[in-house]
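Below: one structure, written as structure tokens.
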Amino acid sequence: MASTQVPRTRQGPAKKGSPASESSILDFTKPQPVVTIIAGQGKFAQNFIIHTALITHHSSYFKSAFRSSLAEGATQTMKLEDITSEAFGLVNQWLYFLEFPSSPSKASSLENLVKVWMAAERFRMPALQNYASGVLCERLVEPEVLLETVTAEHRRLADDQFDDYLACIKHIYFSTPAGEHKLKLLVLDIFPYHQLSYADRIEEFPIAFCQDVVRRLAEKTRGSGSWPLNRTSRFLVGELKRSFLFSLFGRRLLRHEPCSRCN
């Protein structure tokens, strides 16, 4: 059973659009009630015990549920069988620390980050959606292991990296409605960082993704010759736009500075 944690606090005035701008400021100087979130199915389910004030402070979804006359309000327990414990574990981490673990050994898969983004959308937590978008972008522009490297270990790492990226793309395209979506905009903008390494395996990707890539390539051919990029604010939500994105993953992506492999 996951233990309760002490939430991190930040100094200074709250910014407009942030959770801390609400009238009810969190106060943990006295004992506080808790709720239980059961994430996952069967033997993979895990219990997360979270301070009621904290989870309802960040999410109007949970506030409505735990203050209602329904089962969640009566038992102060909610089952989320369609959300993995790994994904909700990152949601729980963010609730208390406003960031994900920094340890490389706890680095989450790209697919799991997408699941966190979708969970945050469901829970009406735009700040977490934007944070997850930033982490996704950081991960997607990390240097890749070149497939041409000769050692078996490097080839294994390259295969693992490809599998992670493919699972991320599949989850986005199979779990979102047809047409434009913020996560699709995000991965399409980052695609030039991957196309040289993965072009020979493009048939493994969803057809809709391939069609979107072809449309971008057509725009590139008709235009200036550079990869057509959307404004970064288009894949963010709420009021936290350019300044929030810049604080997450820096000047390089915000300005769409190309990497050497994409020229």
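In this text, all values refer to a predicted model and were calculated from it rather than measured experimentally. Each residue takes its place number in the sequence, starting with 1.
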Query raised in the report: Got Leu186 and Leu140 here, is their nearest side-chain heavy-atom distance under 4.5 Å?
Result: yes
Requested in this report: Report whether Phe28 and Ile55 are members of the same hydrophobic cluster (ILVMFWY, side-chain heavy atoms less than 4.5 Å apart, transitive linking).
Outcome: yes
**Report entry** Heavy-atom pair of closest approach, residues Ala45 and Gly40
**Finding:** CB-O, 3.6 Å
Query raised in the report: So if you build clusters from Ile, Leu, Val, Met, Phe, Trp, Tyr with side-chain heavy-atom gaps below 4.5 Å, do Phe97 and Tyr131 land together?
Result: yes
Report task. Decide yes or no on side-chain contact (heavy atoms from CB on, under 4.5 Å) for His171 and Thr176, but give the supporting numbers first. Result -> CA-CA 8 Å; His171 194 85; Thr176 59; over 6 Å; no
**Report entry** Partner of Tyr61 by side chain to side chain contact (heavy atoms under 4.5 Å, CB included), out of Glu121, Met78, Met125
**Finding:** Met78
Query - Flag, side chain of Asp212 to backbone of Leu188, donor-acceptor distance under 3.5 Å - result: no
Report task. Salt-bridge test for Arg216 and Asp189: reply yes if a basic N is under 4.0 Å from a carboxylate O, no otherwise. Result -> yes
Query raised in the report: Should Phe48 and Ile38 be counted in the same cluster of Ile, Leu, Val, Met, Phe, Trp and Tyr side chains packed under 4.5 Å apart?
Result: no
Query - Enclosure of Lys184 NZ (heavy-atom neighbours >12, cutoff 6.0 Å) - result: yes
Query - Stepwise salt bridge (Lys or Arg N to Asp or Glu O under 4.0 Å) check, Arg122 with Asp82 - result: CA-CA 12 Å; Arg122 172 178 168 182; Asp82 57 337; 2.7 Å; yes
Query raised in the report: Thr52 side chain to Pro33 main-chain N or O, any donor-acceptor pair under 3.5 Å?
Result: yes
Report summary line: When rounded to the nearest 0.5 Å, the distance separating CD of Gln93 from CG of Leu98 is 10.0 Å
Report summary line: Output for pair (Leu183 CG, Leu136 CG), nearest 0.5 Å, gives 7.0 Å
Query - salt bridge (charged side-chain N to carboxylate O under 4.0 Å, His left out) involving Asp160 - partner list, sequence neighbours excluded - result: Arg156
Requested in this report: State yes or no: do Phe162 and Ile202 share one hydrophobic cluster built from I, L, V, M, F, W and Y residues joined by side-chain heavy-atom distances below 4.5 Å, directly or via other members?
Outcome: yes
Query raised in the report: Side chains of Ser59 and Arg124: donor-acceptor distance under 3.5 Å anywhere?
Result: no
Query raised in the report: Does a side-chain heavy-atom distance below 4.5 Å link Val135 with Glu99?
Result: no
Requested in this report: Output the distance between atom OG (Ser133) and atom CG (Leu113), rounded to the nearest 0.5 Å.
Outcome: 10.0 Å
**Report entry** Heavy-atom side-chain proximity of Val116 to Phe100 below 4.5 angstrom
**Finding:** yes
Query raised in the report: Does the side chain of His181 come under 3.5 Å of the side chain of Tyr173 through a donor N or O and an acceptor N or O?
Result: no
Query raised in the report: Distance-only, no hydrogens or angles: does the Thr84 side chain make a donor-acceptor pair with backbone N or O of Ala87 under 3.5 Å?
Result: yes
Query raised in the report: Less than 4.5 Å apart, any side-chain heavy atom of Val35 and any of Thr77?
Result: no
Query raised in the report: Within the distance-only criterion (no hydrogens, no angle test), does the side chain of Ser68 pair as donor or acceptor with the backbone N or O of Phe66 below 3.5 angstrom?
Result: no
Query raised in the report: Just by distance, do the side chain of Gln46 and the backbone of Phe88 share a donor-acceptor pair under 3.5 Å?
Result: no
Report summary line: Interatomic distance, OG@Ser175 vs NZ@Lys170, rounded to 0.5 Å, equals 12.0 Å
Query raised in the report: How far does CG of Asn47 sit from NZ of Lys79, to the nearest 0.5 angstrom?
Result: 10.0 Å
Requested in this report: Treating Ile, Leu, Val, Met, Phe, Trp and Tyr as nodes and any side-chain heavy-atom pair under 4.5 angstrom as an edge, say whether Leu217 and Ile190 lie in one connected cluster.
Outcome: yes
Query raised in the report: Atom CD1 of Ile37 and atom CD of Gln76: how far apart are they, to the nearest 0.5 Å?
Result: 9.5 Å
Report task. Return yes if some donor-acceptor pair links the side-chain N/O of Glu81 with the main-chain N/O of Ala39 below 3.5 Å, else return no. Result -> no
Query raised in the report: If you look at every heavy atom in Thr56 and Ala53, which pair is closest and at what distance?
Result: OG1-O, 3.4 Å
Query raised in the report: If every non-hydrogen atom of Leu128 is compared with every non-hydrogen atom of Trp94, which pair is closest and at what distance?
Result: CD1-CG, 3.5 Å
Report task. Please state whether the rings of Phe123 and Phe62 are parallel, tilted or perpendicular, taking 30° and 60° as the class boundaries. Result -> tilted
